[in-house]
There are 2 protein chains.
Amino acid sequence: MELPTWLISQTSAQAHRLLSEAFAAIDSRGYHYRLLAALEEFGPASQATLGRRTGIDRSDVVAALNDLADRGLIERSPDPSDRRRNIVTVTAAGSERFRRLDKALAGVQDDLLAPLSPAERDQLVALLTRVLAHHNPE
Amino acid sequence: MELPTWLISQTSAQAHRLLSEAFAAIDSRGYHYRLLAALEEFGPASQATLGRRTGIDRSDVVAALNDLADRGLIERSPDPSDRRRNIVTVTAAGSERFRRLDKALAGVQDDLLAPLSPAERDQLVALLTRVLAHHNPE
DNA sequence: AGTCTATGTTGGTCAAGCCCACGATTAATC
DNA sequence: GATTAATCGTGGGCTTGACCAACATAGACT
């Protein structure tokens with residue numbers, strides 16, 4: 001079992017275990033982080049835009065935003081210039097939550113890649129980036 | 001978004017998409033392949049052993065073996081030396097199915113890693129192997 | 001004997017990803 | 001300007017993969 005696909009999926013499973021554990025400890029999950037990250041990086045946006053930026057399906061964006069809104073981390077307001085859209089904004093609590101999640105993520109990075117030197121981590125990143133770019137032609 | 005964790009999970013998602021598509025075209029899914037592979041590599045085994053070898057939970061092994069048995073790809077027979085156990089055996093059709101799945105998997109490998117040279121593929125494999133070994137101390 | 005562990009099985013939960021359909025609204029085309 | 005097409009938010013459902021709990025049966029160990 002040394003096939004690349006196997007290794008990648010095993011490594012991903014490992015990363016996933018560490019991540020979901022770390023996120024769960026902060027009452028969150030992957031979708032929450034991805035949405036908050038997109039909002040922090042690009043500012044308020046409509047739900048459809050968020051879906052495109054994060055790669056999350058529209059319908060799943062709805063559910064995740066409901067969760068985030070229930071926790072007071074984001075707010076929806078109608079877009080006056082297009083009444084189909086909601087403008088999604090991060091609250092102060094949301095920003096705070098994002099920072100905590102980001103720290104947790106950094107910890108998981110270190111944990112996961114502990115056996116690799118900085119140069120090797122760069123190598124890994126470069127290889128994966130090229131693989132991804134090939135399948136995701138912008 | 002150039003964090004290793006993100007890249008790994010995105011690459012895994014891509015691999016997963018390609019794989020499940022290829023497997024679905026042969027009326028199978030990941031668990032089926034993993035179980036058949038373990039049986040082909042190590043020979044007949046009990047369900048608990050299969051679970052340990054593939055990393056699949058006992059209860060999921062049951063369900064996947066049911067699927068495989070429905071398709072006539074494996075057979076269960078009681079172990080005379082331990083009446084708790086079933087001995088799982090691959091049928092001729094199961095071997096044939098495994099070969100088809102294995103070919104499909106090889107195709108996905110090539111597809112996924114198309115942008116990398118053979119040396120780079122080895123590099124990637126080596127890096128991931130070390131990451132995994134660190135978290136899965138045999 | 002009795003206790004502890006292993007096995008197969010059923011059942012349930014969760015996260016992630018994906019698709020479909022609907023009503024409402026805006027954009028595009030005739 | 002009226003009709004068709006596309007977009008948006010929303011709800012619903014489905015599949016895979018991964019996990020966990022419980023239980024009856026069967027072995028193992030003391």
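Just the heavy atoms: all of them, side chains too, but no hydrogens, waters or symmetry mates, feed the values below. Residue numbers begin at 1 in each chain, while the letters A, B, ... track the order of the sequences.
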Non-neighbouring partners of D60(A) that pass side chain to side chain contact (heavy atoms under 4.5 Å, CB included), sequence neighbours left out:
Y31(A), I56(A), D57(A)
Nucleic acid contacts - residues 62-83 of chain A versus DNA chain D, non-hydrogen atoms under 4.0 Å
V62(A), N66(A), R76(A)
Is any side-chain heavy atom of R29(A) closer than 4.5 Å to one of D67(A)?
yes
Along DNA chain C, first and last positions that approach a heavy atom of chain B under 4.0 Å
dA6(C) to dC18(C)
side-chain hydrogen bond (donor to acceptor under 3.5 Å, both in side chains) against Q109(A), all qualifying residues, sequence neighbours excluded
T5(B)
Distances under 3.5 Å between nitrogen or oxygen atoms of protein and nucleotides 16-19 of chain D:
from    : atom 1 : to     : atom 2 : distance (Å)
dG17(D) : OP1    : G30(B) : N      : 3.0
dG17(D) : OP2    : R29(B) : NH1    : 3.4
dA18(D) : OP2    : R34(B) : NH1    : 2.7
dC19(D) : OP1    : R17(A) : NH1    : 2.6
dC19(D) : N4     : D60(B) : OD1    : 3.0
dC19(D) : N4     : D60(B) : OD2    : 3.4

Heavy-atom side-chain contact between V88(A) and V61(A) under 4.5 Å
no
Review item, nucleotides 22-25 of chain D N/O atoms under 3.5 Å of protein N/O:
none

Let me check something: do L39(B) and I26(B) share a hydrophobic cluster, defined by ILVMFWY side-chain heavy atoms less than 4.5 Å apart, either directly or through other members?
yes
Contact between D79(B) and N86(B) at the side-chain level, heavy atoms closer than 4.5 Å - yes or no?
no
Report the residues that fulfil salt bridge (charged side-chain N to carboxylate O under 4.0 Å, His left out) with D27(B), sequence neighbours left out, ordered by chain and then residue number.
R71(B)
Side-chain heavy-atom pair Q123(A), Q123(B) within 4.5 angstrom cut-off:
yes
Could you list the residues that satisfy salt bridge (charged side-chain N to carboxylate O under 4.0 Å, His left out) with R84(B), not counting sequence neighbours?
D82(B)
Student check: side-chain heavy atoms of L124(B) and L124(A) closer than 4.5 Å
yes
D102(B) and R97(B) ion-paired at < 4.0 Å:
no
With the threshold set at under 4.0 Å for non-hydrogen atoms, list the residues of residues 45-54 of chain A touching DNA chain D in residue-number order.
S46(A), Q47(A), A48(A), R52(A)
Across all chains, not counting sequence neighbours, the side chain to side chain contact (heavy atoms under 4.5 Å, CB included) partners of R99(A) are S95(A), E96(A)
Residues two or more places apart in sequence or in another chain: which of them pass salt bridge (charged side-chain N to carboxylate O under 4.0 Å, His left out) with R53(B)?
none
What residues form a side-chain hydrogen bond (donor to acceptor under 3.5 Å, both in side chains) with Q14(A), not counting sequence neighbours?
R17(A)
Would you find more than 12 non-hydrogen atoms of other residues, nucleotides or ligands less than 6.0 Å from E40(B) atom CD?
yes
